[in-house]
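Numbers for residues simply follow the sequence, beginning at 1. One-based numbering, in listed order, for ligands and for the atoms of each. Heavy-atom basis, side chains included; hydrogens, waters and symmetry copies ignored.
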Amino acid sequence: MSTAGKVIKCKAAVAWEVKKPLSIEQVEVAPPKAHEVRIKILATGICRSDDHVISGAFAMPFPIVLGHEAAGVVESVGEGVTCVKPGDKVIPLFVPQCGKCTSCRSTKGNLCSEHDLSEARGLMLDGTSRFTCKGKSLHNFISTSTFTEYTVVHENAVVKIDAAAPLEKVCLIGCGFSTGYGAAVQTAKVEPGSTCAVFGLGGVGLSTVMGCKAAGASRIIGVDINKDKFPKAKEMGATECVNPMDFKKPINEVLYGLTDGEGVDYSFEVIGRTDTMTAALASCHMNYGTSVVVGVPPSASEITFSPLLIFTGRTWKGSIFGGWKSKEAVPKLVSDFMGGKFALDPLITHTLPFDKINEGFELLRSGKSIRSVLVF
Ligand code: COD
Ligand code: ZN
Ligand code: ZN
């Protein structure tokens, strides 16, 4: 029997308040309104940003349905939706692409003004929510909310992908993989023969290593304080790895030493710390080096640094969702994955049933997982 046009009762993981485990509840998911799409989520990854909301570091309105790195199948569409139809395999987009705002119209931009990342309202574009639980309205998370069997997103925040794509893998293209890989190939536009340094070898940093490799970098130096991260980084393309704890001098000096006093062409901060952001900047070539900030710093943190670091010509830039225009890039990245251009398996250390979501967060916090994917 078709569920189109009806309220769907299903399971979702609800974050009722900050610093509390998620609780699996029965929720009601309203039908999609005009220009909205209801998706049956089949796989969703657990990303550090979800945990940042639980810990309070990433401020969001509660109660909320978290999750933003997912893949699923369209269940039904609201009036006027033409980009997808029921049955299509899709990936929700936490950075939407409306095609009309200044960032969407600029060839250089990707942060569509319809995003709900900063000063988040936690609501659909019309200012309402499609989720209720125990009579209370639940907030939506960064245009997606995927820790649920069904979610509703705006048509600008979803894209159709290859019908043959394995959803329990390509869900990572919804956030972690694309963020890290794009920082190298799209934001920095690493050239063949470059020397790169990647600070932080978690799931996003490893994806940056893959991006550097795909771009033809000849040296990729992994930097992490946890040496257990090195074997996998080398498997993904790092040519050498260094642990800042093994040296008395600052890591930027160590990297200058490793590059005959020149510094690296490209450095990437994929940790989310202000000290490593400055160290990564200081590690790149003083004139034409580029340093890309990928890690999200704690809200309200600030950096003091010598302006001489950029006066001599260095470029310091940020990268959100790997700099990709989401609707255009995500289906292409899925095709590239299907064509064997890169692997996602090494990033997926755990696949768990949805009910074990809190276990997945524990694996993330203890550093035991790279990515856990929840399946329904
Ligand atoms: N020096 C070197 N390495 C360090 C240091 C240090 N001082 N401190 C920690 N590390 C290492 C850790 O050992 C770890 O291996 C790595 O840094 C961080 O990895 P994870 O696993 O904690 O994190 P990831 O790879 O999942 O990355 C998450 C980011 C930290 C990059 C996080 O900020 C993020 O998800 N950014 C994406 C930005 C974004 O677009 N967010 C919006 C929606 S997600
Ligand atoms: Zn994420
Ligand atoms: Zn836009």
Side-chain angles (χ1 to χ4, degrees), residues 44-53 57-58 60 66-70 92-106 109-118 120 125 141-144 146 154 156-157 171-180 182-183 187 197-209 222-230 232-233 241-246 250-251 268-280 292-298 318-327 347 349 363-372:
T44 179
I46 298 179
C47 173
R48 187 65 67 173
S49 305
D50 299 304
D51 193 41
H52 283 339
V53 178
F58 184 9
M60 280 288 151
L66 296 172
H68 60 283
E69 181 181 87
L93 308 169
F94 76 87
V95 174
Q97 187 180 344
C98 75
K100 294 184 183 134
C101 72
T102 48
S103 280
C104 282
R105 280 190 283 118
S106 164
N110 78 319
L111 184 57
C112 174
S113 65
E114 285 185 2
H115 77 83
D116 195 32
L117 288 156
S118 51
L125 282 181
F141 181 49
I142 53 174
S143 317
T144 48
T146 62
H154 192 271
N156 294 338
C171 59
L172 298 199
I173 292 173
C175 181
F177 172 77
S178 306
T179 297
T187 302
V198 179
F199 287 64
L201 301 171
V204 183
L206 289 174
S207 304
T208 305
V209 168
V223 180
D224 203 296
I225 50 171
N226 180 353
K227 65 173 176 16
D228 295 345
K229 306 276 178 167
F230 296 169
K232 189 148 249 172
C241 289
V242 286
N243 182 347
M245 312 283 257
D246 291 344
I251 187 66
F268 300 87
E269 202 278 357
V270 204
I271 304 165
R273 292 174 57 97
T274 52
D275 58 344
T276 42
M277 288 175 190
T278 318
V292 181
V293 173
V294 185
V296 185
S319 176
I320 182 102
F321 193 56
W324 302 110
K325 283 189 188 295
S326 59
K327 267 216 185 210
L347 300 175
T349 49
L363 288 164
L364 175 83
R365 290 172 195 138
S366 65
K368 289 192 186 115
S369 61
I370 295 176
R371 269 300 198 259
S372 294

Subject >> Close side-chain approach of C47 to R371, heavy-atom, < 4.5 Å >> reply: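 Touching, per the 4.5 Å side-chain cut-off.
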**OP:** Check whether any side-chain heavy atom of D50 sits under 4.5 Å from a side-chain heavy atom of F141, and report yes or no.
**Re:**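 Side-chain contact under 4.5 Å: yes.
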So, [X] side chain and [Y] main chain: donor-acceptor pair closer than 3.5 Å or not?
X: K325; Y: Q97; answer: no
X: T144; Y: L93; answer: no
X: T208; Y: V204; answer: yes
X: T146; Y: H68; answer: yes
X: S106; Y: S103; answer: no
X: S319; Y: V294; answer: no
X: W324; Y: S178; answer: yes

Could you tell me the residue and atom name of the protein heavy atom closest to [atom], and the distance to it rounded to 0.1 Å?
atom: atom 35 (O) of ligand 1; value: S49 OG, 3.8 Å
atom: atom 18 (C) of ligand 1; value: V270 O, 4.1 Å
atom: atom 13 (O) of ligand 1; value: D224 OD1, 2.7 Å
atom: atom 20 (P) of ligand 1; value: R48 NH2, 3.6 Å
atom: atom 19 (O) of ligand 1; value: G202 CA, 3.4 Å
atom: atom 32 (C) of ligand 1; value: V296 N, 4.1 Å
atom: atom 40 (O) of ligand 1; value: I320 CD1, 3.9 Å
atom: atom 9 (C) of ligand 1; value: I271 CG2, 3.6 Å

For [X], counting its heavy atoms only, list the atoms of ligand 1 lying under 4.0 Å from any of them.
X: K229; value: 15 (O)
X: C175; value: 44 (S)
X: T179; value: 37 (C)
X: V294; value: 36 (N), 37 (C), 38 (C)
X: G200; value: 16 (C), 17 (O)
X: N226; value: 13 (O)
X: R273; value: 7 (N), 8 (N)
X: G295; value: 31 (C), 33 (O)

Can you tell me which portion of [X] lies within the under-4.0 Å heavy-atom range of ligand 1? Options are side chain, backbone, both, or neither.
X: T276; value: side chain
X: R371; value: side chain
X: E69; value: neither

**OP:** Say whether F94 and ligand 1 are in contact under the criterion: heavy-atom distance to a ligand atom below 4.0 Å.
**Re:**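 Flag set, F94 near ligand 1.
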**OP:** Report yes or no: does H68 have a heavy atom closer than 4.0 Å to ligand 1?
**Re:**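 Checking ligand 1 against H68, which is what was asked, there is a heavy-atom contact under 4.0 Å.
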**OP:** Using the side chain to side chain donor-acceptor pair (under 3.5 Å) rule, pick out the option among E114, K327, K100 that qualifies with N156.
**Re:**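 Among the candidates, only E114 passes.
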Subject >> Degrees at the Zn ion (ligand 3) between the SG atom of C112 and the SG atom of C98, nearest 10° >> reply: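 Centred on the Zn ion (ligand 3), the SG/SG angle is 100° (to 10°).
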**OP:** Report the angle formed at the Zn ion (ligand 2) by atom SG of C175 and atom SG of C47, rounding to the nearest 10°.
**Re:**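 My answer is 120°, to the nearest 10°.
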Subject >> N or O pair under 3.5 Å between V204 and ligand 1 >> reply: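 Yes: some nitrogen or oxygen of V204 is under 3.5 Å from one in ligand 1.
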Original post:
Can you check whether D275 has an N/O within less than 3.5 Å of an N/O in ligand 1?
Top reply: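 D275 vs ligand 1: no N/O contact under 3.5 Å.
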**OP:** Give the single entry among I225, D228, L347 that approaches atom 1 (N) of ligand 1 most closely by any heavy atom.
**Re:**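 The nearest heavy atom belongs to I225.
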**OP:** Dump the intermediate steps for side-chain contact (heavy atoms from CB on, under 4.5 Å) on V270 and F199, then the final yes or no.
**Re:** CA-CA 6 Å; V270 204; F199 287 64; 5.9 Å; no
Original post:
In H68, what N, O or S atom is nearest to the Zn ion (ligand 2), if we give its atom name?
Top reply: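 The H68 atom nearest to the Zn ion (ligand 2), restricting to N, O or S, is NE2.
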Subject >> Spatial distance of atom CZ (R365) from atom CD1 (I46) [nearest 0.5 Å] >> reply: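 Interatomic distance, R365 CZ to I46 CD1, rounded to 0.5 Å: 9.0 Å.
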Subject >> Distance, nearest 0.5 Å, that separates CD1 of I271 from CG of D224 >> reply: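 Answer rounded to 0.5 Å: 6.5 Å.
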Subject >> Close aromatic pair by centroid cut-off 6.0 Å: H52 and F58 >> reply: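 Centroid distance H52-F58: not below 6.0 Å, so no.
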**OP:** Indicate the atoms forming the closest heavy-atom contact of C241 with L201, along with that distance.
**Re:**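 Answer, listing the atom of C241 first, then L201: SG-CD1, 4.4 Å.
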Original post:
Should V292 and E269 be marked as a side-chain contact (heavy atoms from CB on, under 4.5 Å) after you check the CA-CA gap, both sets of side-chain angles, and the distance that decides it?
Top reply: CA-CA 6 Å; V292 181; E269 202 278 357; over 6 Å; no
